[in-house]
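Pasting a structure below so you can have a look.
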Amino acid sequence: MSIGEYIRDSQIWKSIFRHPAPYDRRNRVVVMLTNFFLHLHPVSVKKQGIALSYTWCMGGITFFLFLVEAITGVLLMFYYRPTLEWAYNDILALRDVTTLGIMREIHRWGAHAMVITVWLHMYRVFLTGSYKPPREFNWVVGVLLLVLTLLLSFTGYLLPWDQLAIWAITVGSNMARATPFLGHEGPGAQILNLGGYDLITNASDARFILLGGRFVGEATLNRFYILHCVAIPLVVSLLIAIHFWRVRKDGGISQPL
Amino acid sequence: MNPHPDLTSQVIRSLGWLYLALCAMNLVWTFRLGKAKASVAALAVWSSYCTALALLAMVHLTKFAEPQNFPFFMPLSIKTQIDGLANPVIFFAVSTLLFIAMIVLREWWTKPTIAWLILNAAILFMALSMTDYDFRQIVGKPDNVPIVAMLFIVGFFTWLFFSRAVENDRRIALGKPTVEKEGDEKVLVWPDLVYSEMICMIALTAILVIWGVVLQAPLEDPASSVKTPNPSKAPWYFLGLQEMLVYYDPWMAGVVLPSVILVGLMALPYIDFNKNGNGYYTFNQRKFSIITFLFGFIPLWIGLIILGTFLRGPNWNFFGIYEYWDVHKLEVLNNVNLSEYFWIRGLDQPLPAAGADASALVKTLAILKREWVGLAAVLAYLLLLPPLMAGTIFQKFFVKMGFVRYMVLANLILFMAALPIKMVLRWAFNLKYIVAIPEWFFNI
Ligand code: HEM
């Protein structure tokens, strides 16, 4: 009996994995049904449906990058404090002294890559017409995921608290002040007044809600930190779960009829 | 000594490695041609090209001349010519022409040899451009590296799409099954899918780690709310929106148009009534939807990101790729509103205005009178064009789609067209606003 077989025969191994090694056809089917992680997949698929030249693997890569971001992000959260006093210095320390400070690089480049792969995934889904019935709703879920991916990236951009960060967020969020009706420099905002008092001012408009203040400051840092590390990832995880579930329920990866 | 040398020994050495990589790529290519029994003449040409690349790489890698005497660089005359062409009008015209060529000539440029030549030309052009200091400053910024990569990646996948679509369209015309239909047999997910997923994950991890080691994430000076950098740019994926600010006010460019893009994307499956082309690549069966989507994605979305990242410098002025980002570069802006065209230049009258102590109603009426031409034009665009198109060019769509679907489609297309239309009006007539009511923050 080889060591491998011995381990696989032990009570511990068998208690974790609910199936024998996937060496024969039967067990290759069983493994897909009995393993939590693998059961996201069907047991068998059409060969062309999983061809790289067909799916470009972009949805899968996007998901993988999301996981990478989650893991590196949690590690970064151990070091980083979202306050005016510490934010910049903590990032500096990650660069210069912290062991495994490369997590910041991986997190940042992974985020850039995820934005690109999400676009390419959408591009492929469009070009194969995979949004057509019965997959219309999953496309809509996808568009929401696209928006949230961009927002994740946008909120994260502020956290290093350097010049690049606050000015990019300032430029980006300045648009909110021109929101029709809800921004204090947007068309229609003047109509919203009660007894001569403007309801929409620079201390009550859409931009103020986003930034938690009239300019990008400590409240913004806190707000973006929570959005970036907690709120948006939770929603994205839920939507990804729905997205994957729908891929299966809608009949798997699209195929010619 | 020049503090900003075009060539340094480090640049030359890196280019040497790049040429070596290009040479290796072409060796593989030539080798595959040989296996596919290509003609001797073709093999001879490709082998000489490989040899030339190898020599070029050697020249760069052996310290054969001092940087200032090094013979391989982008000649100044070409640089000035390219920079001279650099303005938004030419950028947009060229990208639109390329877009049309991409679609019309799809059967030609998707041929492997042609695509390979285009790729080689692009890499050689990048490599030569790297010998310019200012070019390196923009392209080499760590945050911009992914955008350069994205250019090549989007190009690659667009090629992949068109070559698959051309192949399938050919098969469909002959009544044969598509490529996707042919691979119809089922395979087990373990091992066929899980193994490729695992290889993919390992490869990606390796790429991310190497990328992280080679390129340090940027960190500038600590945030300061008084020192405004020039230019101040949004994160790169929003630069297309920031570029739209040149033509539209923030409420349009930053709020309305992005919302329309998202609503349009979500509405897409519900307005595309064409049942063909579900689950396989094709162009001929879905011409309209593919051309529209590609136009939005390639020249407008990706194109404007490229423009915003690489070609917009201080004060959001337009700079050529080899041009120094001079803060003092002046661009004369004398844009004129439509109302000024109409009243001042057309009728030779002052703009209608109400007296300072007039009532709110009189003031409002004066504003409406001042802007009536623009307001009428916008209303006509949004309200008259859809029924007009329904009766003419979109007649088939209207009949098939029904009223609601058709109206959604027509409005989405009109909004998408609003950007290029305003661009052209700006360039041709220096038109600033079609409707200019700064009193209400309502400029279009
Ligand atoms: C966080 C973002 C996203 C993740 C992780 C994700 C993941 C995936 C995965 C793994 C698949 C399986 C097939 C494949 O890999 O191509 C898939 C399919 C699909 N995705 Fe996404 N996706 C995301 C965003 C989007 C977006 C932005 C869209 C479109 C706007 C979209 C629309 C779809 C549709 C319609 C399918 C079914 C395609 C088919 O059956 O061929 N997804 N997604």
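In what follows, chains carry the letters A, B, and so on, assigned in the order in which the sequence lines appear, proteins first and then strands, with residues in each chain numbered from 1.
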Check your understanding: Quick one: of D192(B), L268(B), V209(B), who has the most non-hydrogen atom pairs under 4.5 Å with chain A?
Key -> L268(B)

Revision key, fill the gap. Looking only at P146(B), P222(B), G212(B), G277(B), the option with the highest number of non-hydrogen pairs under 4.5 Å against chain A is P222(B)

Point to revise | Heavy atoms from other residues, nucleotides or ligands near CZ of F288(B) exceed 12 (cutoff 6.0 Å) | key: yes

Review point. Which one of V213(B), L208(B), V214(B) satisfies the side-chain contact (heavy atoms from CB on, under 4.5 Å) criterion with I210(B)?
Key: V214(B)

Point to revise | chain B contact via I102(A) - which portion, at a heavy-atom distance below 4.5 Å | key: side chain

Exercise for review: Mind telling me whether Y281(B) and F161(B) have parallel, tilted or perpendicular rings, with 30° and 60° as the class edges?
Suggested key: tilted

Check your understanding: Within 45° of the ring axis of Y157(A) and under 6.0 Å from its six-membered ring centre, is that where the NZ or CZ of R108(A) lies?
Key -> yes

Check your understanding: Is it the side chain or the backbone of L245(B) that comes within 4.5 Å of chain A heavy atoms, both, or neither?
Key -> side chain

Exercise for review: Answer yes or no: is there an ion pair linking R171(B) with E167(B), defined by an N-O contact shorter than 4.0 Å?
Suggested key: yes

Review point. What part of V31(A) lies closer than 4.5 angstrom to a heavy atom of chain B: side chain, backbone, both or neither?
Key: side chain

Exercise for review: Against chain B, label L84(A) side chain, backbone, both or neither, depending on which of its atoms sit under 4.5 Å from a heavy atom there.
Suggested key: neither

Point to revise | Qualifying salt bridge (charged side-chain N to carboxylate O under 4.0 Å, His left out) pairs with a residue from residues 229-255 of chain B, counting only residues at least two apart or across chains | key: E243(B)-R312(B)

Review point. For chain B, which of L146(A), I116(A), V140(A), V147(A) has the most heavy-atom pairs under 4.5 Å?
Key: I116(A)

Practice item. Assess the side chains of S130(A) and S254(A): does a donor N or O sit below 3.5 Å from an acceptor N or O? Key: yes

Review point. Between H107(A), R104(A), M103(A), M58(A), which shows the greatest number of heavy-atom pairs under 4.5 Å with chain B?
Key: R104(A)

Exercise for review: Tell me, for Q285(B) versus chain A, whether the close heavy atoms (under 4.5 Å) come from the side chain, the backbone, both or neither.
Suggested key: neither

Practice item. Please state whether the side chain, the backbone, both or neither of S153(A) comes within less than 4.5 Å of a heavy atom of chain B. Key: both

Review point. Is the closest basic N to carboxylate O distance between E180(B) and K47(A) below 4.0 Å?
Key: no

Study note, to complete from the structure: Whatever's closer than 4.5 Å to a heavy atom in chain A on V194(B) counts as side chain

**Study point:** Portion of D221(B) that has a non-hydrogen atom of chain A nearer than 4.5 angstrom
**Key:** both

Practice item. Output the residues of residues 147-156 of chain B for which the shortest heavy-atom distance to chain A is under 4.5 Å, in residue-number order; output 'none' if no such residue exists. Key: M150(B), I153(B), V154(B)

**Study point:** R26(A) atom CZ, over 12 foreign heavy atoms within 6.0 Å
**Key:** no

Exercise for review: Determine whether Q48(A) and Q255(A) make a side-chain contact, defined as any pair of heavy atoms from C-beta on separated by less than 4.5 Å.
Suggested key: yes

Review point. Do H41(A) and W190(B) pass the ring-ring contact (aromatic ring centres under 6.0 Å, His included) test, and can you show the C-alpha distance, the side-chain angles, and the key distance before you say yes or no?
Key: CA-CA 10 Å; H41(A) 297 88; W190(B) 185 299; 9.9 Å; no

Review point. Of the listed residues (M32(A), E105(A), R25(A)), which shares the most heavy-atom pairs with chain B below a 4.5 Å separation?
Key: E105(A)

Point to revise | Selection from L265(B), L219(B), L193(B) maximising heavy-atom pairs under 4.5 Å formed with chain A | key: L219(B)

Review point. Most heavy-atom pairs under 4.5 angstrom with chain A, which of F293(B), Y280(B), F273(B)?
Key: F293(B)

Point to revise | Partners meeting side chain to side chain contact (heavy atoms under 4.5 Å, CB included) with A234(B) (sequence neighbours left out) | key: V171(A), F238(B), L239(B), Q242(B)

Review point. When you look at NZ of K141(B), are more than 12 heavy atoms from neighbouring residues, nucleotides or ligands closer to it than 6.0 Å?
Key: no

Review point. Under a 4.5 Å heavy-atom cut-off, does chain A meet the side chain of T228(B), its backbone, both or neither?
Key: both

Check your understanding: In terms of heavy-atom proximity below 4.5 Å to chain A, should L160(B) be classed as side chain, backbone, both, or neither?
Key -> side chain

**Study point:** Ring geometry between F63(A) and F244(A) (parallel below 30°, tilted from 30 to 60°, perpendicular above 60°)
**Key:** perpendicular

Review point. Quick one: what part of S289(B) sits under 4.5 Å from any heavy atom of chain A, side chain, backbone, both or neither?
Key: both

Exercise for review: Determine, step by step, whether R286(B) and K132(A) satisfy the side-chain contact (heavy atoms from CB on, under 4.5 Å) criterion, reporting the C-alpha distance in whole Å, the side-chain angles of both residues, the deciding distance to 0.1 Å, and the verdict.
Suggested key: CA-CA 12 Å; R286(B) 306 171 51 206; K132(A) 300 190 176 201; 3.7 Å; yes

Review point. Side chain, backbone, both or neither: which part of I91(A) has an atom under 4.5 Å from a heavy atom of chain B?
Key: both

Practice item. Check each atom of I207(B) against the heavy atoms of chain A and say whether the ones under 4.5 Å are side chain, backbone, both or neither. Key: neither

**Study point:** Under 4.5 Å from a heavy atom of chain A, the part of P142(B) involved
**Key:** both

Point to revise | Best-contacting candidate, W161(A), Y54(A), F137(A), against chain B by heavy atom pairs under 4.5 angstrom | key: Y54(A)

**Study point:** Toward chain A, the part of F297(B) with a non-hydrogen atom under 4.5 Å
**Key:** side chain

Review point. Side chain, backbone, both or neither: which part of F126(A) has a heavy atom under 4.5 Å from chain B?
Key: both

Exercise for review: To the nearest 0.5 angstrom, please state how far the CG atom of L188(B) sits from the OG atom of S44(A).
Suggested key: 6.5 Å

Exercise for review: Heavy-atom distances under 4.5 Å only: say whether F157(B) touches chain A with side chain, backbone, both or neither.
Suggested key: both

**Study point:** Over 12 non-hydrogen atoms of neighbours within 6.0 angstrom of CZ in R246(A)
**Key:** yes

Review point. In terms of heavy-atom pairs under 4.5 Å, which option from V256(B), N274(B), T282(B) contacts chain A the most?
Key: N274(B)

Exercise answer: donor-acceptor pairs, residues 176-187 of chain A side-chain atoms, under 3.5 Å, sequence neighbours excluded:
unit_1	atom_1	unit_2	atom_2	d
R177(A)	NH2	N174(A)	OD1	3.4
T179(A)	OG1	A176(A)	O	2.5
H184(A)	ND1	D205(A)	OD2	2.8

Point to revise | Sub-6.0 Å ring centroid separation between W119(A) and W301(B) | key: yes

**Study point:** D143(B), part contacting chain A, at a heavy-atom distance under 4.5 Å
**Key:** both

Study note, to complete from the structure: Okay, I166(A) and chain B: the region with an atom under 4.5 Å from a heavy atom over there is side chain

Review point. Taking the six-membered ring for Trp, are F442(B) and W251(B) parallel (under 30°), tilted (30 to 60°) or perpendicular (over 60°)?
Key: parallel

Check your understanding: By a 4.5 Å heavy-atom criterion (distance strictly below it), what part of S173(A) contacts chain B: side chain, backbone, both, or neither?
Key -> neither

**Study point:** Per-residue contact mode, V255(B) against chain A (heavy atom under 4.5 angstrom)
**Key:** side chain

Check your understanding: Measuring heavy-atom distances to chain B, does L94(A) have an atom under 4.5 Å in its side chain, in its backbone, in both, or in neither?
Key -> neither

**Study point:** Side chain / backbone / both / neither for I50(A) at chain B, heavy atoms under 4.5 Å
**Key:** side chain

Practice item. Heavy-atom distances under 4.5 Å only: say whether P218(B) touches chain A with side chain, backbone, both or neither. Key: both

**Study point:** Where I437(B) and E371(B) come nearest, the two heavy atoms and their spacing
**Key:** CG1-CG, 3.8 Å

